[in-house]
Q: 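First the structure, then my questions, so here it is.
Heavy-atom basis, side chains included; hydrogens, waters and symmetry copies ignored. Chain letters run A, B, ... following the sequence lines, proteins first and then strands; every chain starts at 1.
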2 protein chains.
Amino acid sequence: MARRPTIKDIARRAGVSESAVSFALNDRPGVSRDTRARIRRVAEELGWQANSAARALSGERSGAVGLVLARPAHTLGVESFFLQLVSGIQEVLSAARTALLFQVVEDVDAECAVYRRWWAERRVDGVLVVDPRTGDPRPALLAELGLPAVTIGEPGPPAGPSAVPGPSAVPGASVPGPSTGAGASPVSSVRADDAGAMAQVLEHLHGLGHRRIVHIAGLPGLAHTVRRMESLRAEAERRGLGPDHVRSVVTDYSDAEGAAATRRVLAEPRPPTALVYDNDVMAVAGSAVAAELGIPVPHRLSIVAWDDSALCRVTHPRLTALVRDTAGFGRLAAEELLSVLAGGPAGVRESERPRLEPRESTAPAPAHTDS
Amino acid sequence: MARRPTIKDIARRAGVSESAVSFALNDRPGVSRDTRARIRRVAEELGWQANSAARALSGERSGAVGLVLARPAHTLGVESFFLQLVSGIQEVLSAARTALLFQVVEDVDAECAVYRRWWAERRVDGVLVVDPRTGDPRPALLAELGLPAVTIGEPGPPAGPSAVPGPSAVPGASVPGPSTGAGASPVSSVRADDAGAMAQVLEHLHGLGHRRIVHIAGLPGLAHTVRRMESLRAEAERRGLGPDHVRSVVTDYSDAEGAAATRRVLAEPRPPTALVYDNDVMAVAGSAVAAELGIPVPHRLSIVAWDDSALCRVTHPRLTALVRDTAGFGRLAAEELLSVLAGGPAGVRESERPRLEPRESTAPAPAHTDS
DNA sequence: CCGATCGACTAATGCGGTTTAGTGGTGGCG
DNA sequence: CGCCACCACTAAACCGCATTAGTCGATCGG
């Protein structure tokens, strides 16, 4: 069990003062080229790494960022989205030698408590916020704490009396000066093009002749759910389809509610000919329901899954899915956070538009069901 | 953006020295009952929380533990196991005010590099090691670094010339003295009863009349895969079934290899009447293959999934699965790690035996296929 | 030729805790 | 009465690094 070398050890070995070592290792002026090189070499030999605690204590930087996942334990589960996101985040963070603190909690209140604690303990320099929702208390809290943050997914309108609907984040408008650091509103965000994706899905289905379409949406509290529902409605209207033809029903994302919703809408007198599911689990559950009811997919019912995964490929027929570069989304978020931490302006970044991958679960609508 | 209070603020407000505050807040002797109470009250009022960096610097404790997941990015995905495990871990850790550093890397070498870095930077007090494998270099590395660790799943035999087969971790044998701290061999483990679980599965299938059984196993490098394969063989032999009747084939856990293996064994001249899959994803993929080949489940083929999840409930028929309390397993591991960190002896803890949940995918074997 | 300037480096201070070594007052006991 | 043990508490050192304020010798402009 080796002792970890400190700056003092390097200083002694290199015959210089501790400050010289600090300067040399941090690319600060004050040491000559060859002294710097010598110090670097000694540090290398000794396998020195800065003690993160000491660095945090003096430098006011902990070298870590946090991510809290607020989900009731039983909802955690079959979902590829999250781990892939984290994997993308890590790629960027570990290149910047930044650690990720990860926590799973039950709900948003607990999440806020975690933020407060992390802040008070100075555990993290910033946080990544997932699952932004309508009336979300988190951006306000983080702004109050002055904890730099990036929301993954565009936040909905803020909570409280000042909740003004309308375009909530205009890229250029609230950008602070270049060196504003962690002062004003450190919350920026990365967003997925939900509207564009939904337009794509609708175009695909409409082009196949579908006129009765139901969107089995996720949790209505989540901002992206709302955005998807809104853009579905807008796109449908653009094509002259009203809420009697195209609509959304909300669920909690679970296989159970996905199945139940499917059963319900398929039992209607004029059932839809296409279903769009907000995640892969519900899509698989829904296609199982269709099989059970003896409704052949895709001949009488087309199915689209939002987010691709192994799941969509193990069912029969394989599911047409909206493929996103989830890891890329995570990378984008991490980059934005690092940039904010480095004193850059807060802003909004948009990820690539998802791509629709047609498989066997979508086909032309049955002819006689138009109306 | 409030300033965080420090011990000095408390000391001033309470009219005592900083050390008195430290004593009071850490339950150390040296302050009277009511002074302690007063200090506590002031700290509460101010919302004080110890600066983790400062505490780490002086106390030699970072208050964080680490977990590295070594998986190639594309393998991350549909698997409920991991998030549930983490959720259980968190429950215990956050009660102990300990943070979890989480990292995803490509392979075990990168994982070792992370351990070295965390150790050198003193980022973590200990680590949780997942996916122990045969010839695993990690326990040795961690022992060398003196980084306390708990392997989740019993480790296989160690790598290197000293690799002695046989019972690798005898609970009582290598227990150090009560206050040995992080000296000798800080690596302990929690284990799942893979053998008992496999025995249960085999009993279920054998009881249903199945004699030709194939175990679609996971990665052969993982220790628990080996244990499952061994106990399958042992249990089969106990019932007079040789490798021509009962055997394992290995995969990489992916849906693709699970499907391919299924296709292969079902195409044999005397195909198995029951398949046991090492995870839920492969089980679902396998049952899709059976459907595609027109082999009715469970009438001509029974299927068992190791690990239950929503997946097993959305297929038709729903899959008989081995249900484990994964979160509980995580809790157990976290408790063991905290106990080791507190100076307790390293040991092996065993989790509850998994429970077989019979569903519609297992049924009596077709009569004419015995032999 | 001398003071000003600059580069290379050292000494000292602080970050916010923990911990060890005092310090002063009190009470018990011979 | 005097010595010592004990208690409640304070002062100071320390953890490992970053940073600021010097120090010292060489160079340079006038």
Q: With sugar-phosphate meaning primed atoms plus P, OP1 and OP2, does Thr6(A) contact a base, only sugar-phosphate, or nothing at under 4.0 Å between heavy atoms?
A: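 Sugar-phosphate, no base atom in range.
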Q: If you pin Ala54(B) and Ser19(B) to their nearest nucleotides in DNA chain D, which one's is more 5'?
A: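 Its nearest nucleotide lies further toward 5', so the answer is Ser19(B).
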Q: Near DNA chain D, counting only heavy atoms under 4.0 Å, which residues of residues 24-47 of chain A show up?
A: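 Heavy-atom contacts with DNA chain D come from Asn26(A), Arg28(A).
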Q: Which comes earlier along DNA chain D counting from the 5' end, the contact point of Leu57(B) or that of Gly15(B), where each point is its nearest nucleotide?
A: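 Checking each residue's closest nucleotide, the 5'-ward one belongs to Gly15(B).
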Q: I'd like to know if Asp27(B) pairs up with Arg40(B) as an ion pair, taking the criterion as any Lys NZ or Arg NE/NH1/NH2 lying under 4.0 Å from an Asp or Glu carboxylate oxygen.
A: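 Arg40(B) and Asp27(B): salt-bridged.
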Q: What pairs of residues pass the ring-ring contact (aromatic ring centres under 6.0 Å, His included) test when at least one of them lies in residues 4-26 of chain B, not counting sequence neighbours?
A: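 Not a single pair qualifies under ring-ring contact (aromatic ring centres under 6.0 Å, His included).
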Q: Considering all heavy atoms of both residues, which atom of Ala20(B) and which atom of Ile39(B) are nearest to each other, and what is their separation?
A: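 Heavy atoms only, the tightest pair is O-CD1, 3.8 Å.
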Q: Below 4.0 angstrom, N of the basic side chain to O of the carboxylate: do Glu45(B) and Arg13(B) qualify?
A: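 Counted as a salt bridge, because a side-chain N and a carboxylate O are separated by less than 4.0 Å.
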Q: Taking the basic N atoms (NZ, or NE/NH1/NH2) and the acidic carboxylate oxygens, is any pair closer than 4.0 Å for Asp107(A) and Arg71(A)?
A: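 No, Asp107(A) and Arg71(A) are not salt-bridged.
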Q: Show every salt bridge (Lys or Arg N to Asp or Glu O under 4.0 Å) that has at least one partner inside residues 334-344 of chain B, sequence neighbours left out.
A: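 Applying salt bridge (Lys or Arg N to Asp or Glu O under 4.0 Å) to every pair that reaches into residues 334-344 of chain B, excluding sequence neighbours, yields Glu335(B)-Arg349(B), Glu336(B)-Arg349(B).
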Q: First contact, last contact: which nucleotides of DNA chain C are these for chain B, 5' to 3', heavy-atom distance under 4.0 Å?
A: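 Endpoints of the contacted stretch of DNA chain C: dG16(C) to dT20(C).
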Q: Between the side chains of Ser19(A) and Ser22(A), is a donor N or O closer than 3.5 angstrom to an acceptor N or O?
A: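 No, no side-chain donor-acceptor contact under 3.5 Å.
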Q: First contact, last contact: which nucleotides of DNA chain D are these for chain B, 5' to 3', heavy-atom distance under 4.0 Å?
A: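 Using the under 4.0 Å cut-off, the span is dA8(D) to dG16(D).
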Q: Classify Val21(A) by what it touches in the nucleic acid, base, sugar-phosphate, or nothing, heavy-atom distance under 4.0 Å.
A: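 Result for Val21(A) = nothing.
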Q: Let me check the geometry of the helix from dC1(C)-dG30(D) to dG30(C)-dC1(D). What is the bend angle between the axes at its two ends, five pairs each, to 10°?
A: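 Between the axes fitted at each end of the helix from dC1(C)-dG30(D) to dG30(C)-dC1(D) lies an angle of 60°.
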